[in-house]
Amino acid sequence: MADDTFEDATWEAGFEGDRAVVVSRLGVFRRVFPRPQRYSRRFFHDVYELPIEEWTLPIPSRELLPGCFVETSVELRFQPTFRYASQDLTRLPALGSHIRNSFLTLLTDIVEEELKSLENPVWLTDGCHAIERRIVNAIQETLALRDIQSRVRCTVTVDLEGLIGASLDAPTEDVRYRALRNELLRRRNELLEAESQRQLELEQRERERRLAAEHEALELARKEAELRQAARERELEDLRAEIAAEERRQAEQRLSEARQREEQLRTEAHLRDLERDIDLKDQDRRARMVEDTEDRLKREIELLALERQRLILEEEIRDIKIAKAKGWVINAKRRFSLGRNADPDKSAEADLDDGGKGDE
């Protein structure tokens, strides 16, 4: 039981956390006194603690009328005083258990007696707080008169849920409960009406919930259809953009290929022109080489002819010298004249002839 459940603005229990009883035994002499604050225990002293204990009374459930049950919870904290503890020293080792066993029936009877006030239907309007307060005061006062300090908490709960299915139409034989039966019958009718109204409200809320759910489902379906339509439109736009991009790419590719083909044709034409120029230059070079070769051959032939004429002249000169040396002058003149008529280098032979004459 939590400490904060015991709250009372008027009742002061007076608990002490270190309360204890000291029993002094010296032979046949026995003395009992409260344990002082500054206490030194002696070997002939027996100390018995008087703690604060908790106790829940087992109050049974009570049926006022068919379908109307009363649940009562009574929770106590108690502590025996020195006066109560010193009344019978044999109870000291188990004083808390002794108090529970001794006062259970008395306290239960107090509670049940106070619950009889539930016969008056006033509690239906005002609640059970007054009954709870009377039970608390009665228990605390009863224990205080017996030198037991206590603090009590009581809760009375009446369950009226079973009145809806209970039979209250038949008059009760106990006149004490007649007013309560009539009030409960009225309350039951109110509960039935409230239950019917609550059921109608639940059904109405359920219908509204279903309608809201259907509306939400339709709205969701509409939004999903719009999203699908938007997605299809985006896909179509993307496809159109892709087709347009592909067409632009192909057009650019065709244009690039045409430009490349045109450039290739220009390059090929330029190469052909270069090849033709090279061929022409090569032909010119060959023609010049042929001409140079022919000129060189002509010069070589001319040189060879000149060399041959020189050799012939040298041979004739040598022959003339030899013939002159042998006296064959006539024959030399004849051959000289023949040589002059046959060879173009007449000037050379004429010179030789003149030289020969000079020699003669």
Evaluation steps, side chain to side chain donor-acceptor pair (under 3.5 Å), between E193 and Q197: CA-CA 6 Å; E193 184 177 354; Q197 183 66 26; over 6 Å; no
Candidate pair L76 and T56, rule side-chain contact (heavy atoms from CB on, under 4.5 Å), full reasoning: CA-CA 6 Å; L76 296 86; T56 301; over 6 Å; no
Worked verdict on H270 versus L274 for side-chain contact (heavy atoms from CB on, under 4.5 Å): CA-CA 6 Å; H270 181 64; L274 290 176; 3.4 Å; yes
Residues E314, R318; criterion salt bridge (Lys or Arg N to Asp or Glu O under 4.0 Å); working and verdict: CA-CA 6 Å; E314 289 179 353; R318 188 174 59 252; 5.8 Å; no
Check against side-chain contact (heavy atoms from CB on, under 4.5 Å), I52 and Q149: CA-CA 9 Å; I52 303 171; Q149 296 173 325; over 6 Å; no
E315 and L311: CA distance, side-chain angles, deciding distance, side-chain contact (heavy atoms from CB on, under 4.5 Å) verdict: CA-CA 6 Å; E315 185 177 358; L311 292 175; over 6 Å; no
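The existence of a salt bridge linking R240 and E237 is confirmed by a sub-4.0 Å separation between a basic side-chain nitrogen and an acidic carboxylate oxygen. Using a 4.0 Å cut-off between a side-chain N of Lys or Arg and a carboxylate O of Asp or Glu, E113 and K116 qualify as a salt bridge. Ion pairing between R276 and D279 fails under the 4.0 Å rule for side-chain N and carboxylate O. Between E262 and R266 there is a salt bridge, since at least one side-chain N of the basic residue sits less than 4.0 Å from a carboxylate O of the acidic one. A salt bridge does not link E263 with R259: none of the charged nitrogens is closer than 4.0 Å to a carboxylate oxygen. Under the 4.0 Å criterion applied to side-chain N and carboxylate O atoms, E226 and K223 are not assigned as salt-bridge partners.
Contact record, G96 with E53: CA-OE2, 3.3 Å, taken as the closest heavy-atom pair. Of all the heavy atoms in L202 and R205, the pair that sits closest is CD2-NH2, 2.9 Å. For the residue pair L92 and Y48, the shortest heavy atom distance occurs at CD1-CD1, 3.6 Å.
Side-chain contact, R134 with S117: a donor N or O sits under 3.5 Å from an acceptor N or O. Neither side chain, Q264 nor Q260, offers a donor N or O lying under 3.5 Å from an acceptor on the other. There is no side-chain donor-acceptor pair under 3.5 Å between T157 and E71. A donor and an acceptor atom, one from each side chain of R286 and Q283, are nowhere located under 3.5 Å apart.
Although no hydrogens or angles enter the test, the distance criterion places a donor-acceptor pair under 3.5 Å between the side chain of R35 and the main chain of D18. The backbone N or O of V156 sits less than 3.5 Å from a side-chain atom of E132, completing a donor-acceptor pair. Distance alone, capped at 3.5 Å, is enough to place a donor-acceptor pair between the N101 side chain and the S97 backbone. Put simply, the side chain of S256 never gets that close to the backbone of E252: no donor and acceptor are under 3.5 Å apart. Using a distance-only test at 3.5 Å, with no hydrogens or angles considered, a donor-acceptor pair links the side chain of R19 to the main chain of P80. T81 places no side-chain N or O within 3.5 Å of a backbone atom of I148 that could act as its donor or acceptor partner.
R151 places a side-chain heavy atom less than 4.5 Å from the side chain of F15. V32 has its side chain within reach of F82: a pair of non-hydrogen atoms, C-beta onward, lies under 4.5 Å apart. When side chains are defined from C-beta on, L118 counts as touching I131, because their heavy atoms get closer than 4.5 Å. At a threshold of 4.5 Å between non-hydrogen side-chain atoms, the residues L200 and E203 count as touching. Contact check for L115 versus R62: side-chain heavy atoms found under the 4.5 Å cut-off. Between V158 and C128, some side-chain heavy-atom pair lies under the 4.5 Å cut-off. The closest side-chain heavy-atom distance from L239 to E235 is not below 4.5 Å. Counting only heavy atoms from C-beta outward, the side chains of F103 and L143 approach each other to under 4.5 Å.
Using a 4.5 Å cut-off between side-chain heavy atoms of Ile, Leu, Val, Met, Phe, Trp and Tyr, with links allowed through other members, L306 and L297 fall into different hydrophobic clusters. Both L106 and L57 are part of a single hydrophobic cluster, where members link through side-chain heavy atoms under 4.5 Å apart. L313 and L304 are assigned to two separate hydrophobic clusters, defined by single-linkage of ILVMFWY side chains at heavy-atom distances under 4.5 Å. Hydrophobic clustering (side-chain heavy atoms under 4.5 Å, transitive across Ile, Leu, Val, Met, Phe, Trp, Tyr) keeps L271 apart from I278.
Remark: L227 CG to R232 CZ distance equals 11.0 Å, nearest 0.5 Å. To the nearest 0.5 Å, atom CD of residue E49 and atom CD of residue Q79 are 10.0 Å apart. We find the CD1-OG1 distance between I135 and T72 to be 6.0 Å, quoted to the nearest 0.5 Å. Annotation: the span from E291 atom CD to D284 atom CG amounts to 9.5 Å, rounded to 0.5 Å. Note that CD of E300 is 12.5 Å distant from CD of E294, once rounded to the nearest 0.5 Å. Going from atom NZ of K298 over to atom CZ of R296 covers 13.0 Å, rounded to the nearest 0.5 Å.
Within a 6.0 Å sphere centred on CD of E242, heavy atoms belonging to other residues, nucleotides or ligands number 12 at most. Counted within 6.0 Å of CD on E216, heavy atoms from surrounding residues, nucleotides or ligands total 12 or fewer; the atom is thus considered open. When the shell of 6.0 Å around CZ of R25 is examined, it contains more than 12 heavy atoms from other residues, nucleotides or ligands.
Put simply, the residue from I139, T108, L107, I110 that forms a side-chain contact (heavy atoms from CB on, under 4.5 Å) with V74 is I139.
Stacking of R91 on the aromatic ring of Y84 is recorded, both the 6.0 Å distance cut-off and the 45° axial limit being met.
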